[in-house]
Amino acid sequence: MTFLPESNEKRVQCYRVIDDDGYPLPSTQFHHVNKELAVKMYSGMVTLQTMDTVLYEAQRQGRISFYVTSNGEEAINLASAAALSSNDLILPQYREPGVLLWRGFTLQEFVNQCFGNKNDYGKGRQMPIHYGSQKHNYFTVSSPIATQLPQAVGAAYSLKMDKKDACVVTYFGDGSTSEGDFHASLNFAAVMEAPVVFLCRNNGWAISTPITEQFRSDGVVVKGQAYGIRSIRVDGNDALASYNAVRVAREMAINEQRPILIEALTYRVGHHSTSDDSTKYRPVDEIEHWKAARNPVSIFRKWVQRKGWWSDNEESEFRSNIRKQVIHAIQVAEKTEKPSLGYMFSDVYEEVPSNLIEQERSVRETIKRHPQDFPKDVPL
């Protein structure tokens with residue numbers, strides 16, 4: 001009578017390409033990236049970092065209601081995006097704006113969504129940072145945790161049935177692995193052999209819950225094997241490792257028509273959102289260590305700069321220029337008219353039902369009775 005042990009004594013290794021000083025690790029195989037790709041990846045990471053900083057400041061100034069940063073996870077964003085085709089479908093969580101940035105979503109489009117003006121594709125009906133773009137095959141962000149995972153498997157199975165040369169990539173945090181949707185999705189994908197890449201950003205914290213209180217297993221990577229899914233653990237703060245792991249995972253998902261699970265180890269340097277103060281549940285020196293010693297932007301910059309593809313002058317000029325662009329986008333967004341009141345009730349049903357008609361009538365009558373309580377910048 002033999003019982004399987006709780007877990008293997010030896011932890012699953014983590015795939016890395018460069019060390020924390022940007023030097024290539026010996027005997028590590030990886031697909032070399034050229035100057036154009038490397039500089040685009042790095043500049044995208046800086047752009048994302050700058051946009052996060054400025055919009056976080058805007059929220060603190062009361063100019064937008066809410067914001068979530070990707071501080072500490074810039075490499076996963078841009079490196080994974082660079083490894084994909086524009087035809088691949090993205091089902092994000094809420095910390096992957098860099099993927100959308102890589103695909104061509106402009107700073108103005110990001111800011112329009114956060115300000116909920118009439119140029120926001122969601123017509124002001126979503127919280128800030130809930131981006132979406134049909135043009136860029138980027139499904140709109142949804143707040144409930146892990147609901148995008150079974151949807152991703154269904155979309156991937158559709159691609160399989162249509163014999164498309166593409167896959168689905170869905171992003172989620174370690175907290176999502178505590179949801180039933182995660183387990184159902186992995187089993188669904190394995191059984192149906194759907195071409196989907198599950199990319200888990202294991203950043204150590206599900207808001208205030210550390211991974212030590214979420215599961216006893218060796219991280220997330222072993223969960224894939226339990227469901228019969230090929231899996232890999234990668235250093236999510238290593239842009240080259242992340243790029244290579246996602247590139248190969250995509251090839252296997254499409255060519256072999258199978259799901260792949262990637263666990264990207266990283267750290268959420270910023271607060272969970274502007275509604276959170278992470279210093280209440282984790283030590284400040286821990287945050288500072290990851291911000292300084294294991295900063296994915298700094299690590300990749302050292303590698304790129306050592307190649308002679310980037311300089312201190314280019315760094316200073318680029319950061320200054322991007323900051324000006326984000327601030328200008330905010331100024332434009334603030335002056336842009338809000339969506340009209342009617343959009344609160346449209347785009348749900350082909351024929352508007354009677355209860356919504358009654359609700360709209362009630363709202364308009366209330367506004368007439370109490371005009372002083374209604375925002376003046378929303379067209380009726």
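This structure is a prediction, so every number in the text was calculated from the model and none was measured.
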Report task. In sequence, state the C-alpha distance, the side-chain angles, and the governing distance for L159 and D162, and then conclude on side chain to side chain contact (heavy atoms under 4.5 Å, CB included). Result -> CA-CA 5 Å; L159 293 178; D162 292 340; 5.9 Å; no
Report task. Would you check, one step at a time, whether the test side-chain hydrogen bond (donor to acceptor under 3.5 Å, both in side chains) holds for T266 with N203? Result -> CA-CA 5 Å; T266 182; N203 61 23; over 6 Å; no
Query raised in the report: For I367 and L341, what are the C-alpha separation, side-chain angles and deciding distance, and is it a side chain to side chain contact (heavy atoms under 4.5 Å, CB included)?
Result: CA-CA 11 Å; I367 293 170; L341 178 68; 3.8 Å; yes
Query raised in the report: Do Q305 and D312 pass the side-chain hydrogen bond (donor to acceptor under 3.5 Å, both in side chains) test, and can you show the C-alpha distance, the side-chain angles, and the key distance before you say yes or no?
Result: CA-CA 9 Å; Q305 202 157 338; D312 290 342; 2.8 Å; yes
Query raised in the report: Passes side chain to side chain contact (heavy atoms under 4.5 Å, CB included), T140 versus Y121? Steps please.
Result: CA-CA 10 Å; T140 301; Y121 301 130; over 6 Å; no
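Looking at heavy atoms from C-beta onward, T209 lies in side-chain contact with Q214 at the 4.5 angstrom threshold. Counting only heavy atoms from C-beta outward, the side chains of F139 and T170 never approach each other to under 4.5 Å. Using a 4.5 Å cut-off on side-chain heavy atoms (C-beta onward), V169 and L89 make no contact. Side chains of L91 and Q151 form a contact here, defined as non-hydrogen atoms less than 4.5 Å apart. Counting heavy atoms from C-beta on, the side chains of N137 and I90 never come closer than 4.5 Å. Inter-residue side-chain proximity for I287 and S278 is flagged as met; some heavy-atom pair is nearer than 4.5 Å. At a threshold of 4.5 Å between non-hydrogen side-chain atoms, the residues N295 and I299 do not count as touching. At least one side-chain heavy atom of R294 sits less than 4.5 Å from a side-chain heavy atom of D20.
A salt bridge does not link K335 to D377: none of the charged nitrogens lies less than 4.0 Å from a carboxylate oxygen. Salt bridge annotation for R323-E57: present, with a cationic side-chain nitrogen under 4.0 angstrom from a carboxylate oxygen. Under 4.0 Å is where a charged nitrogen must lie from a carboxylate oxygen, and between R361 and E365 no such pair does. A salt bridge does not link R216 with E6: every distance from a Lys NZ or Arg NE/NH1/NH2 to an Asp or Glu carboxylate oxygen is 4.0 Å or more. Salt bridge E73/R268: absent, no basic N to carboxylate O contact under 4.0 Å. Salt-bridge check for R125 with D120: failed, with every basic side-chain N at 4.0 Å or more from each acidic carboxylate O. Contact check on E288 versus K291 returns a salt bridge, with a Lys/Arg side-chain nitrogen under 4.0 Å from an Asp/Glu carboxylate oxygen. Ion pairing of R230 with E256 is present here, as a side-chain N (NZ or NE/NH1/NH2) and a carboxylate O approach within less than 4.0 Å. Looking at K123 and D347, a side-chain N of the basic residue comes within less than 4.0 Å of a carboxylate O on the acidic one, giving a salt bridge.
Residue-environment remark: OH (Y343) stays at or below the threshold of 12 foreign heavy atoms within 6.0 Å. Annotation for Q225: atom CD does not count as buried by contact number, only 12 or fewer foreign heavy atoms lying within 6.0 Å. Residue-environment remark: CD (E36) stays at or below the threshold of 12 foreign heavy atoms within 6.0 Å. Counting heavy-atom neighbours within 6.0 Å of K302 NZ, excluding the residue itself, gives a total above 12. Surrounding CD of E350 are at most 12 heavy atoms belonging to other residues, nucleotides or ligands under 6.0 Å away.
Side chains of H130 and S143: a donor on one and an acceptor on the other come within 3.5 Å. A side-chain N or O of Q49 and one of R319 form a donor-acceptor pair less than 3.5 Å apart. Donor-acceptor pairing under 3.5 Å is lacking for the side chains of Q93 and R95. Under the 3.5 Å distance criterion, with hydrogens and angles disregarded, no donor-acceptor pair is assigned to the side chains of N77 and Y171. For the residue pair N313 and S311, no side-chain donor N or O sits within less than 3.5 Å of a side-chain acceptor on the partner. Between the side chains of R247 and Y243, no donor N or O sits under 3.5 Å from an acceptor N or O.
Note on residues 19-47: pairs passing ring pair (Phe, Tyr, Trp, His ring centres under 6.0 Å), not counting sequence neighbours, are F30-H32, Y42-W310. Identified under the ring pair (Phe, Tyr, Trp, His ring centres under 6.0 Å) test for residues 268-291, with sequence neighbours left out: Y94-H272, W205-Y281, Y267-W290. Under the side chain to side chain donor-acceptor pair (under 3.5 Å) criterion, the residue pairs touching residues 97-108 are T106-E109, Q108-N112, with sequence neighbours excluded.
The shortest non-hydrogen separation linking L265 to R233 is CD1-CD, 3.6 Å. Scanning both residues, V222 and S217, for their nearest heavy atoms gives CG2-CB, 3.8 Å. When every heavy atom of Y157 is checked against every heavy atom of A194, the shortest pair comes out as N-CB, 4.1 Å. In this structure, V297 and M45 approach most closely via the heavy-atom pair CA-CE, 3.7 Å. When all heavy atoms of P128 and C114 are compared, the closest pair comes out as CG-O, 3.4 Å. Between D52 and V68, the shortest heavy-atom distance links the atoms OD1-O, 4.1 Å.
L261 and I76 fall into different hydrophobic clusters, where Ile, Leu, Val, Met, Phe, Trp and Tyr side chains are chained together by heavy-atom contacts under 4.5 Å. Neither L55 nor V332 shares a network with the other; the hydrophobic side chains, linked directly or stepwise wherever heavy atoms of I, L, V, M, F, W or Y lie under 4.5 Å apart, form separate groups for each.
A distance of 12.5 Å separates CD1 of I322 from OG1 of T53, quoted to the nearest 0.5 Å. Atom OG of S316 and atom CG of N321 lie 11.0 Å apart (nearest 0.5 Å). Annotation: the span from R11 atom CZ to D218 atom CG amounts to 4.0 Å, rounded to 0.5 Å. Of the inter-residue distances, the one linking I18 atom CD1 with L240 atom CG reads 4.5 Å to the nearest 0.5 angstrom. Note that CG of N355 and OH of Y349 are 6.5 Å apart. Values are rounded to the nearest 0.5 Å.
Taking the six-membered ring for Trp and thresholds of 30 and 60 degrees, F110 and Y131 have ring planes more than 60 degrees apart, a perpendicular arrangement.
Annotation: cation-pi geometry satisfied between K223 and F215 (NZ/CZ under 6.0 angstrom from ring centroid, within 45° of ring axis).
Here the side chain of K118 pairs no donor or acceptor atom with the backbone of S340 at under 3.5 angstrom.
Of the residues V168, I262, L186, the one that meets the side-chain contact (heavy atoms from CB on, under 4.5 Å) test with F198 is L186.
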